[in-house]
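The structure appears right after this line, and notes come after that.
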Amino acid sequence: MDEITEIYNKLGGIISEDDFRKKVEEKVEQMSGLCDVKTAAMLVAHDLGVTDTAKEVIKIKDINPEIGNVNFVAKVVSVFDVREFNRNDGTIGKVGNLMVADDTGSIRLTLWDERADLIKNGNIEVGDCMEISGYAKDGYSGTEVNIGRYGVINTTDQNIEVRLDSQKISEIRDGMGDINVSGKLLDISDVRTFQKKDGSQGRVGNILIGDETGKIRVTLWDEKVDSTKEMKLDDTIEIINGYARTNNFSQQVEIQIGNHGVLRKTDAEVEYRENFTPIADIIPGESYSIEGSVSGLGELREFDRDDGTTNMVSNIYVSDDTGRIRIALWGDHALLVDELDIDTPIQIIDAYSKAGFNDEIELSAGNRTRITIM
DNA sequence: CCCCCCCC
């Protein structure tokens, strides 16, 4: 590639290469031979608003808002939908986002208007390697790079090695952003709808994922709940660009996936093994999984809640080598009592412990509990 | 931004 083409490629196609070369020749003449062709090309680029053709190419980990204009190469790891919005001057703006990564990390790109069209028209896909020139600023979840009219995003033949800093579940803390994590899909909740503060209807759903270090609840907002449609239990999934918040009710840290996050299936291998607690070790106020055999069966009962709705409950007992405990089965779980026999091997996963009837400790198996009859 | 551990 000659040096004029090299500089031309940083212009993102704002003019044709022929026109660019013509302008470079004119510039050389204009300068009466005072500058070489490369310098002339850079001056023309500058005239066209691209000011940083001479700047060095940097790595993603070194990008921060203080640098301003940045040039780098990266591989596209996720593509988000383009949204249109109304500008104050009455024109319609377009904005789209990409997550890109190199061997030092990942960063979010925001593409505006005609650059956003590259996403909309399907010209940019996951796995594409890109030359990027834009400007870094502080965004919604850390530094992001904006690519507007004079920004550049071109495919390149270079193959870029990617390292997505992947966290282990046990390392996730309240307040973290840009979380990438993989796990086994352990549970998928029903989708709930709710009224947002602005009056519109929101949707929310949860999944539970686990890796070799633990498990964590994931909350999916609005259209992100649809990501689970193609998934089934035991699939390995990955989360890109999630953020962590402590749940006000449970006081447990959860991963949230909003507009900028991705949840998808992956081929990665993830090990998950459920951790079963000996019945004798159970104390009130925690979530537990136990493994044992049925040692008592109660009756199925319907009851009315204070709010007028009805629900079902049944009680069973489960024993292991260390003790025996009562389990309250709520809702659909209650029907299990008719399928169980004494000595049936059983696993009760994620049931909540509390002091129950006669102040004896018991487990509540509610809608977040999974029960496996072995 | 939601769920909210409920029975006898």
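Throughout, a chain's letter reflects where its sequence line sits, starting with A, and its residues are numbered from 1. In what follows, every heavy atom counts, from backbone to side chain, and hydrogens, waters and symmetry copies are set aside.
Summarising the geometry, the separation between NZ on A:K197 and P on B:dC2 is reported as 7 Å, rounded to the nearest angstrom. Per the geometry, CZ belonging to A:R192 stands 5 Å off C1' belonging to B:dC2, to the nearest Å. Rounded to whole angstrom, the span from the CD atom of A:Q256 across to the P atom of B:dC1 amounts to 8 Å. In this structure, A:N358 places its CG atom 14 Å from C1' of B:dC7, rounding to the nearest Å. Distance, A:R326 CZ to B:dC8 P: 11 Å, rounded to whole Å. A:E302 has its CD atom 20 Å from the P atom of B:dC6, to the nearest Å.
Applying the 3.5 Å distance criterion, the base of B:dC3 shares a donor-acceptor pair with the side chain of A:N247.
An aromatic stacking contact between A:W330 and the base of B:dC5 is absent, as defined here by ring centres under 5.5 Å apart and ring planes under 30° from parallel. In this structure, A:F194 forms no aromatic stack with the base of B:dC1, since the conditions of centre separation below 5.5 Å and plane angle below 30° are not both met. An aromatic stacking contact between A:F303 and the base of B:dC6 is absent, as defined here by ring centres under 5.5 Å apart and ring planes under 30° from parallel.
With rounding to the nearest 0.5 Å, the separation of CH2 in A:W112 from CZ in A:R149 is 14.0 Å.
No option in A:K184, A:K168, A:R273 other than A:K168 meets the salt bridge (charged side-chain N to carboxylate O under 4.0 Å, His left out) test with A:E212.
Taking 4.5 Å as the limit, every side-chain heavy atom of A:K75 sits out of range of all side-chain heavy atoms of A:V100.
Outside the 6.0 Å centre-distance limit, the rings of A:Y352 and A:W330 are not counted as a close aromatic pair.
Residue A:K196 has no polar side-chain atom (N or O) positioned under 4.0 Å from OP1 or OP2 of B:dC2.
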